[in-house]
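The block underneath contains the structure these notes are about, expressed in C-alpha cells.
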Amino acid sequence: MVSHELRFLQIQVSKEQGQSLPAAVIMDTLTSLEYVSAVSTIGDFPEYILALRYKDQSALEQFKNISQFEITRIIEEREGYSLVQARTYGPLPMLIHKNKSVWLQTPSVVSSTNGLFMTVHGTTKGLKEFRDGIAELLPSSIKIRISKDLKADWIAAPQLPTRRKEVLELAVKLGYYSTPRKCTQRALAEKLGVRQGTVAEHLQSAESTIIQSWADQAK
C-alpha cells in the first residue's frame, strides 16, 4: 500500500506586500474576510462560505462590487457581519482551484490590519507546485511555512480567556475544523446555549490570537 503524506502550507502576507493582488481592495473595504468552508471545488471557479466583518453597511455594498467575488447567497446578515456563499475569481483561490492536490483550509483570513494569512492542505508535490505559483504572484519577502502536520511542528500555544478556550476546544472536539466540516457554528451555539454570533466572535478572536502568536514565533 502506497502512503500519501499530506502536509500543511501557511503563508502570511502583510497589507503592504499584498497590494499587488487584485483583491487587495478587500483590506480597504472590510475589517476581515474569513474562509469558513468550501461549497464547491468543481467547475470553472471555486465557491466558498465566507464570514465578512465590517464597520458599516456601506462596506458590504462595496464588497459586492469587487470583481474577484460574486455573492450567490447571503446566509446570515446582521450589524457588522455577514455570512455569505460566494464564487471567487482571484489569482490565489484560482491557483488552489486548478491544483487538484491542494485544498484551502482554516484558518485562512484576510484582515484590514494583519493582511492575508492562508492555510493550504495537500500532498507534498501539490504544495510545491502551489508554492511555485505563489512566487509568481507575491514578493519573495512573504513568509511561507510547510510542515508535515500542524501538531507535529510544535509552537507554544497562546493563553486564551477561559470562555474563549472552551468554545475553541468544543469546536475542535465536534469537528468544526475538520475537512469536511462536521459541525456548524449554529450547532456549537446550541450546545453552549449562546447566540451563533457569540460563537463566531469567540472563534474569530481565538483564531486571530493563535495566528498572531504563530507569526511572532515564526519570525
query = If we ignore angles and hydrogens, is there a donor and acceptor under 3.5 Å between the side chains of Gln204 and Tyr81?
reply = no
key: Crowding at NZ, Lys173 (>12 non-hydrogen neighbours, <6.0 Å)   = no
query = Quick one: does Glu34's side chain get under 4.5 Å of Arg53's, heavy atoms only?
reply = yes
key: Value rounded to 0.5 Å, distance of CD in Gln17 from CG in Leu138   = 8.0 Å
ask   = Of all heavy-atom pairs between Leu60 and Glu77, which one has the smallest distance, and what is that distance?
value = CD2-OE2, 3.3 Å
inquiry  = Can you give me the closest heavy-atom contact between Thr29 and Phe63, atom names plus distance?
reply    = CG2-N, 4.0 Å
key: Connected via hydrophobic side-chain network under 4.5 Å: Ile26 and Phe45   = no
query = In the single-linkage hydrophobic clustering (I, L, V, M, F, W, Y; side-chain heavy atoms under 4.5 Å), do Tyr177 and Ile49 co-cluster?
reply = yes
ask   = Has Lys98 got more than 12 heavy atoms of other residues, nucleotides or ligands less than 6.0 Å from its NZ?
value = no
ask   = Hey, quick one: are Leu137 and Tyr35 part of the same hydrophobic cluster, counting side-chain heavy atoms closer than 4.5 Å, chains of contacts allowed?
value = yes
task = Is it possible for you to say whether Leu95 and Leu127 belong to one hydrophobic cluster, with membership spreading through side-chain heavy-atom contacts below 4.5 Å?
result = yes
message = If you compare all heavy atoms of His121 against all heavy atoms of Gln105, which two are closest, and at what distance to 0.1 Å?
response = ND1-NE2, 4.1 Å
query = Is Arg131 close to Val120 at the side-chain level, that is, under 4.5 Å between some pair of heavy atoms?
reply = no
inquiry  = Is it the case that the side chains of Thr72 and Glu47 hold a donor-acceptor pair, with the cut-off being a distance below 3.5 Å and no angle test?
reply    = yes
Sub-4.5 Å side-chain heavy-atom contact between Thr124 and Lys128 = yes
note = CG of Leu30 to CD1 of Ile66, rounded to nearest 0.5 Å, is 6.0 Å
ask   = What closest approach, in Å, do Asp44 and Met94 show between heavy atoms, and which atom pair accounts for it?
value = O-CE, 3.4 Å
message = Hydrophobic clustering (ILVMFWY, side-chain heavy atoms < 4.5 Å, transitive) - are Val25 and Met27 grouped together?
response = yes
key: For Tyr48, the option from Val84, Val36, Val39, Thr88 that meets side-chain contact (heavy atoms from CB on, under 4.5 Å)   = Thr88
ask   = After noting the C-alpha distance and the side-chain angles of Glu201 and Val167, does the key distance pass the side-chain contact (heavy atoms from CB on, under 4.5 Å) rule?
value = CA-CA 10 Å; Glu201 290 168 7; Val167 174; over 6 Å; no
query = How far apart are the C-alpha atoms of His97 and Leu104, what are their side-chain angles, what is the distance that settles it, and do they pass the side-chain contact (heavy atoms from CB on, under 4.5 Å) test?
reply = CA-CA 9 Å; His97 185 63; Leu104 188 61; over 6 Å; no
Which side-chain N or O atoms in residues 182-194 pair as donor and acceptor under 3.5 Å with protein atoms at least two apart or in another chain?
from   : atom 1 : to     : atom 2 : distance (Å)
Thr184 : OG1    : Arg186 : N      : 3.4
Thr184 : OG1    : Ala187 : N      : 3.1
Gln185 : NE2    : Tyr176 : OH     : 3.0

task = Run the numbers on Ser82 and Tyr54 for side-chain hydrogen bond (donor to acceptor under 3.5 Å, both in side chains), then give the verdict.
result = CA-CA 9 Å; Ser82 292; Tyr54 38 86; 2.6 Å; yes
note = Smallest heavy-atom separation, Gly18 atom then Val13 atom, equals N-CG1, 3.6 Å
message = Let me confirm one number: the CZ-CG distance from Arg78 to Leu83, rounded to the nearest 0.5 Å.
response = 9.0 Å
task = Determine whether more than 12 heavy atoms belonging to other residues, nucleotides or ligands lie under 6.0 Å from atom CG of Asp56.
result = yes
Close side-chain approach of Ile134 to Ile142, heavy-atom, < 4.5 Å = yes
key: Point-to-point distance, once rounded to the nearest 0.5 Å, from CD1 of Ile11 to CZ of Phe130   = 5.0 Å
ask   = Does the side chain of Ser111 come within less than 4.5 Å of Lys15's, by heavy atoms?
value = no
inquiry  = Just so I know, are the side chains of Leu6 and Trp103 near enough to count as touching, which here means a heavy-atom distance under 4.5 Å?
reply    = yes
ask   = Do the non-hydrogen side-chain atoms of Ser101 and Lys125 ever get within less than 4.5 Å of each other?
value = no
query = Do Glu207 and Thr106 have side chains that get closer than 4.5 Å, going by heavy atoms?
reply = no
remark   = d(Leu92 CG, Ser108 OG) to nearest 0.5 Å is 10.5 Å
request  = Please report the closest heavy-atom contact between Arg164 and Ser205, naming both atoms and the distance.
outcome  = NH1-OG, 3.0 Å
